[in-house]
Student: 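Pasting in a structure now, in structure tokens, and then I'll have a few things to ask.
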Amino acid sequence: MTNEHGRGSVMDHDVPEPPVARILPRARIHHHDVVQDPYEWMRNSEDPAVAEYVRAENEYCRARTAHLRTLRTTLFEEIRSHVQETDMSVPVRVDGYWYFGRTVEGRQYGMQCRIPVRSDDDWDPPVVDPSSVPGSLPGEEIIFDANAEAEGHDFFRLGGMDVSRDGRRMLYGVDVTGNERYDFRVRDLTTGEDLPDRLTSLGGACLTPDGRWVFTVEVDDAWRPCAIWRHRVGTDQSADVEVYRERDERFWISVGMSFDESLIVISVDSKTTSEMWTLDVHDPQGEFEVFIPRREGIEYSVGFSTLEGAGDSGEDVPIAVVYHNVVNPNFEFDVVDLRSHRPPYSLGEGIVVAQGSPYGCEKGDAVIPGASALPAGTSYDDPRNPAVLRGARGLTLDGMSVRRDYVVMAYRAQGLPHMAVISKREAVEDYRAGRPWGFREVVVPELTNDDMAEDEGRLYSVGMSGNPSYDAPRVRYSFTSLTRPGELHEYDPVGGEDRLLKCAEVPGGFDPRNYAERRVWITARDGERIPLSLAWRRDLLSGGRRPDGSAAPMFITGYGAYEISSDPGFSTARLNFLDRGVLYAVAHVRGGGEMGRAWYEQGRRLSKKHTFEDFVDVTEGLQRQGWGTPATTVANGGSAGGLLMGAVANMAPSLYAGIEADVPFVDALTSILDPSLPLTVTEWDEWGDPLHDEEVYRYMKSYSPYENVPRTPDEARHFPRILVTTSMNDTRVLVVEPLKWVASLQAVGVDAIERIEVEAGHGGASGRYRQWEDLAFENAWCLDVMGITR
């Protein structure tokens, strides 16, 4: 028996039968709606029956993919051949040391090292031979070797690292289960020994610059960071003192140091509202004070710095750079003169340096009447903005950093991240003159012989990287694209010199000129233009077609949630596809942040279906234009992107030959109805509150994948093949969700398999070789669905 795509179903005589999950109906009753859930019993992960079902599903997956063993090995070796296994990062100066990371061939994890600076004005990173033996250089210390720390653990993840200003004490956290709760220790770097302090089961922590205090983050039973505690180094955790507790379950909290290390900062955030509390670092036992009281629906953050010589008499001006959306939904930057303003501060004080576009935003009319009804991609021009921002489409501001010698502004426009720089001297002159600041966009030169047409635009990601010091005279930034390996640059805002510090080495004969990438736009059913990023190998594809004129196999991926942008970035594993003539596509659907706040608002809550419709529409649009064909199109998404995968499989199964869903959020309604589950209450701002709002309940039920699976074998015939990956210790998307979804799909004959990690969390396995093995497995399955077997 075959389905409409011509692929064999699980009913073929030579294919093993999937496990048969027992049916034990449990009623879910909300808003007078009674739902009998046959697989809710799987929620009890301690039930031996669940363990047996997991074992059976893993065994079924192994049997169904046994024929891919040779291809998996080939793909793994390809990935490995393109990685410089023994390598190091460019050293970064922090206080009196240059810090850098090393990786060594054959070792799963990296190690952190440092070398003392040569002098106070030493800002040129030392040249270190990556092939040298770690710890062998004059003055080099290995301050943390994750390979040694991971011994005896199947899973290992470093959860943060802080070093005191004098370089003597280091705070570090580790997770050895994958549940994202970290145990922190304090290490004496002069002896290499850990102090007696054991700070367990935390969401995070930070060390004060003097190395005497640790502020820790408590996590509640719903995995919400809910309280901050003060710990004196050298004492027992039982003596710690609570300094802040957030009672509103919609909010989560974090703690850290301000950039200039003058303040300890508690950040309190929901999906739509934020607040900051601060404490002078010299008074760690004092009381935190709110910087600006929270206002529902208002987000803000604050950075502190100085405009040297900006006063009327040439004196230094202490400033706060306030980033907020009190008026403009796509945010603005205000520079506040702290000499003339006193706490408590108000949002909107100071001088506006830049502001985003209000077009398409729910509250856009407060900026420009009628703005909310216009497309997010409408060109925006405001005379107060720096010239570099004028005329931008989908303009939103991401951050501004003021250093001793320069100011950097990060923003998004045309669906891509951008970065602009101005020297401090020029910024001070513009500030004193009351005119727009003369930022210049940082642009990386194109590769020679790049035949991309100008009107197609460039695909890239650019942003600040490795700039921990206020005094560094040059700004470091990273650059990458779908086909161009990561580069670390150093730019001099005064002289204009751009120096390449490091380009990721990709051995194995890789040449970026063999590959092409393009931004295309496809109009969705409601008229909004959706951006896509495409990449392919030039000698194997042209315009989405093979040399014989047939449409290329296509791998299309998307996310579309939490205002997270799927920006272009290089991946050696992607070469598995490109080098076999597969078109790689990224759909920048609504719900993400690619085109600013409007993009997010139009893909959440009661507008969530735009996310799924966008993905379906761009897939169909690419296929209609000859870039792909349903018979060889595979879709992919993870977590909230896994929800996207489940939804589009139900909405448009005929467009896809296969769907890979990683740690998929496919039982969304059940989870968001239960406030006792991890993160549920904080998620109501994202999805809506179906527990108390019947309209939200009905809306979520109409798209949640588990609620809408095929009900009959005839419906299953039209369904694509499904691969699910998940983890037993996942605390973000509980393993019960994909377990239930796959069981329901298999019950009606859908060709669905799942691979379940028993020693990992939401991010999958730890260790780079194990991660490459997982990628090779997933890529082999996708290629097999496309009909590519070697």
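Scope of the values below: all heavy atoms of this structure, side chains included, with no hydrogens, waters or symmetry mates.
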Student: Please tell me whether Q623 and T633 have a donor and an acceptor in their side chains that are separated by less than 3.5 angstrom.
Tutor: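 The criterion, which ignores hydrogens and geometry beyond distance, is satisfied for T633 and Q623.
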Student: Atom OG1 of T483 and atom CG of L578: how far apart are they, to the nearest 0.5 Å?
Tutor: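 It is 8.5 Å, given to the nearest 0.5 Å.
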Student: If only atom types and distance count, is the side chain of R768 paired as donor or acceptor with the main-chain N or O of E85 below 3.5 Å?
Tutor: yes
Student: Spell out, as yes or no, whether a donor-acceptor pair under 3.5 Å connects the side chain of S481 to the backbone of R484.
Tutor: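 Between the backbone of R484 and the side chain of S481 there is a qualifying donor-acceptor contact (under 3.5 Å).
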Student: Give the intermediate values and the outcome of salt bridge (Lys or Arg N to Asp or Glu O under 4.0 Å) for residues R597 and E563.
Tutor: CA-CA 7 Å; R597 177 53 57 96; E563 206 170 2; 3.0 Å; yes
Student: If you measure from CD1 on I530 to CE on M595, what distance do you get to the nearest 0.5 Å?
Tutor: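 Here the interatomic distance stands at 9.0 Å.
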Student: For residues E601 and S607, is any side-chain donor paired with an opposing acceptor at under 3.5 Å?
Tutor: no
Student: Are the side chains of W741 and D667 in touch, meaning some heavy atoms are under 4.5 Å apart?
Tutor: no
Student: Show the numbers, then the answer: is there a salt bridge (Lys or Arg N to Asp or Glu O under 4.0 Å) between E737 and K740?
Tutor: CA-CA 5 Å; E737 295 200 31; K740 290 167 59 176; over 6 Å; no
Student: Does a side-chain N-to-carboxylate-O contact under 4.0 Å join R412 and E594?
Tutor: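 Judged by the 4.0 Å cut-off on N to carboxylate O distance, R412 and E594 do not form a salt bridge.
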Student: So, Y53 and E57: side-chain donor and acceptor under 3.5 Å apart, yes or no?
Tutor: yes
Student: Quick check on side chain to side chain donor-acceptor pair (under 3.5 Å): which of S565, S533, S566 does H588 satisfy it with?
Tutor: S533
Student: Under 3.5 Å, is there a donor-acceptor pair linking the side chains of D662 and T725?
Tutor: yes
Student: Between H418 and Y460, is the ring centre distance below 6.0 Å?
Tutor: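 Ring-ring flag for H418/Y460: true, centres closer than 6.0 Å.
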Student: Does either side chain, that of S461 or that of D567, offer a donor lying less than 3.5 Å from an acceptor on the other one?
Tutor: no
Student: For residues 555-562, run the donor-acceptor check on the side chains, cut-off 3.5 Å, and write out each pair with its distance to 0.1 Å, sequence neighbours left out.
Tutor:
residue	atom	partner	partner atom	Å
T557	OG1	N636	O	3.0
T557	OG1	N636	OD1	3.0
Y562	OH	E683	OE1	2.3

Student: Return yes if a side-chain donor-acceptor contact under 3.5 Å exists between Q602 and E362, otherwise no.
Tutor: no
Student: Kindly indicate whether a cation-pi arrangement holds for R537 with Y515, taking the cut-offs as under 6.0 Å to the six-membered ring centre and within 45° of the axis.
Tutor: yes
Student: Could you check whether any side-chain N or O of R580 sits under 3.5 Å from a backbone N or O of N576, counting only pairs where one atom can act as donor and the other as acceptor?
Tutor: yes
Student: Using side-chain heavy atoms (C-beta onward) and a distance below 4.5 Å, is Q625 in contact with V520?
Tutor: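 Answer no - side chains too far apart.
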Student: For a salt bridge (Lys or Arg N to Asp or Glu O under 4.0 Å) check, start with the C-alpha distance between E59 and R64, then their side-chain angles and the critical distance, and finish with the verdict.
Tutor: CA-CA 9 Å; E59 183 57 40; R64 290 295 313 282; over 6 Å; no
Student: Is a side-chain donor-acceptor pair under 3.5 Å present for S550 with D548?
Tutor: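 There is such a pair (donor and acceptor under 3.5 Å, judged by atom type) between the side chains of D548 and S550.
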Student: Hey, is the main chain of K608 close enough, under 3.5 Å, to the side chain of Y699 for a donor-acceptor pair?
Tutor: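 Yes, the answer is positive, given that a donor and an acceptor are paired below the 3.5 Å cut-off.
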Student: Judged by modelled atom types alone, do E754 and T726 share a side-chain donor-acceptor pair under 3.5 Å?
Tutor: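 No donor-acceptor contact under 3.5 Å links the two side chains.
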Student: Let's go through R790 and D784 carefully: what are the C-alpha distance in whole Å and the side-chain angles of both, what is the deciding distance for salt bridge (Lys or Arg N to Asp or Glu O under 4.0 Å) to 0.1 Å, and is it a yes or a no?
Tutor: CA-CA 9 Å; R790 62 178 64 186; D784 183 58; over 6 Å; no
